[in-house]
Amino acid sequence: MNLPKDFRYTDEHVWVKIEENNVRIGITNFAQDELGDIVFVELPEEGDEIEAGEPFGNVESVKTVSELYAPVNGKVIEVNVELNDKPEFVNESPYEKAWMIVVEPSNMSDVNKLMSAEEYAQMVSAAD
């Protein structure tokens, strides 16, 4: 399984990459593989507040529409608008090109409560 070791993960298959005082957020390779071909991504706007455990957007695949659940509380400071025209990036490059939003977390210590790559891998393999 392709999992960057320095990222944190949620049980909703969202990854978090720490970048100084902000976090970059996207969905895992496992999630995009389960969803199939992504055809549309709906994301919040810059300046929106997100709340941990609450939906912040959704991805639509040829199979289904799936909500994206926020891993932390915070303010959206950047949105990957490229996904509007190239939603297939989620399938092709879930950890690089297909990041979804950058958030300024309300409390950076919340990120440390998320799963490590090893913990996430164990969760996914236990679900099989």
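Reckoned from all heavy atoms, side chains included, excluding hydrogens, waters and symmetry mates.
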A.B. asks: Taking E104 first and then K75, would you say they form a salt bridge - that is, a charged N and a carboxylate O separated by under 4.0 Å?
C.D. replies: no
A.B. asks: Ring centres under 6.0 Å, that's the criterion: do H13 and Y120 meet it?
C.D. replies: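 Yes, close enough.
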A.B. asks: Calculate, to the nearest 0.5 Å, the distance between atoms OH and CG belonging to Y69 and D11 respectively.
C.D. replies: 11.0 Å
A.B. asks: Counting only heavy atoms not in N21, do more than 12 sit closer than 6.0 Å to its CG atom?
C.D. replies: no
A.B. asks: Minimum heavy-atom separation for M108 and V23, please, with both atom names.
C.D. replies: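 It is CE-CG1, 4.1 Å.
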A.B. asks: Nearest 0.5 Å, what's the CD1-CG distance between I101 and D48?
C.D. replies: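 These two atoms lie 9.0 Å from each other.
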A.B. asks: Looking only at heavy atoms, what is the nearest atom pair of V65 and E60, with distance?
C.D. replies: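 In terms of heavy atoms, the two residues are closest at CG2-CG, 3.6 Å.
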A.B. asks: Is the shortest heavy-atom distance from the side chain of Y95 to the side chain of K17 under 4.5 Å?
C.D. replies: no
A.B. asks: Look only at the side chain of T64 and the backbone of S66, and say whether a donor-acceptor pair between them is shorter than 3.5 Å.
C.D. replies: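 Looks like no, no N/O pair under 3.5 Å.
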A.B. asks: Could you tell me whether a side-chain N or O of R24 sits under 3.5 Å from a main-chain N or O of V102, the two making a donor and an acceptor?
C.D. replies: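 No, the answer is negative, given that no donor and acceptor are paired below the 3.5 Å cut-off.
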A.B. asks: Within the structure provided, determine whether E45 and V76 are in side-chain contact (heavy-atom separation under 4.5 Å).
C.D. replies: no
A.B. asks: Are S116 and Y9 close enough that a side-chain donor and a side-chain acceptor fall under 3.5 Å?
C.D. replies: no
A.B. asks: Do L83 and V14 belong together in a cluster built from hydrophobic side chains that touch within less than 4.5 Å?
C.D. replies: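 Yes: a chain of side-chain contacts under 4.5 Å links L83 to V14.
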A.B. asks: Do M123 and M115 come within less than 4.5 Å of each other through their side chains, counting heavy atoms only?
C.D. replies: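 Yes; the side chains approach each other to less than 4.5 Å.
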A.B. asks: Do N58 and E67 get their side chains close enough for a donor-acceptor pair, meaning under 3.5 Å?
C.D. replies: no
A.B. asks: Please list, one pair per line, the donor and acceptor atoms closer than 3.5 Å that link side chains of residues 86-94 to other protein atoms, with sequence neighbours excluded.
C.D. replies:
{"unit_1": "N91", "atom_1": "OD1", "unit_2": "I38", "atom_2": "N", "d": "2.8"}
{"unit_1": "N91", "atom_1": "ND2", "unit_2": "Q32", "atom_2": "OE1", "d": "2.8"}
{"unit_1": "N91", "atom_1": "ND2", "unit_2": "G36", "atom_2": "O", "d": "2.8"}
{"unit_1": "S93", "atom_1": "OG", "unit_2": "E96", "atom_2": "OE1", "d": "3.1"}
{"unit_1": "S93", "atom_1": "OG", "unit_2": "K97", "atom_2": "N", "d": "3.0"}

A.B. asks: For A70 and I50, which heavy atoms make the closest approach, and how far apart are they?
C.D. replies: CB-CD1, 3.8 Å
A.B. asks: I18 vs V111, test: side-chain contact (heavy atoms from CB on, under 4.5 Å). Steps then yes/no.
C.D. replies: CA-CA 8 Å; I18 300 168; V111 176; 3.6 Å; yes
A.B. asks: Write down the atom of V79, the atom of P44, and the distance for their closest heavy-atom approach.
C.D. replies: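 Smallest heavy-atom distance, with atoms named: CG2-O, 3.3 Å.
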A.B. asks: Any heavy-atom pair between the side chains of L68 and I27 that's under 4.5 Å?
C.D. replies: yes
A.B. asks: Where do D37 and K63 land on the side-chain contact (heavy atoms from CB on, under 4.5 Å) test, with the steps shown first?
C.D. replies: CA-CA 8 Å; D37 293 336; K63 294 182 191 177; over 6 Å; no
A.B. asks: Rounded to the nearest 0.5 Å, what separation is found between the CZ atom of F7 and the CG atom of L114?
C.D. replies: 13.0 Å
A.B. asks: Which pair of non-hydrogen atoms, one from V16 and one from P71, has the smallest distance, and what is that distance?
C.D. replies: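 So the minimum-distance heavy-atom pair works out to CG2-CG, 3.5 Å.
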A.B. asks: In this structure, would F30 and V41 fall into the same cluster of hydrophobic residues linked by side-chain contacts under 4.5 Å?
C.D. replies: no
A.B. asks: Nearest 0.5 angstrom please: F56 CZ to I25 CD1, how far?
C.D. replies: 5.5 Å
A.B. asks: Distance from E51 atom CD to N73 atom CG, nearest 0.5 Å?
C.D. replies: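 CG of N73 is found 5.5 Å from CD of E51.
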A.B. asks: Within this structure, what is the CG-CD distance for the pair N29 and E34, rounded to the nearest 0.5 Å?
C.D. replies: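 Answer rounded to 0.5 Å: 10.5 Å.
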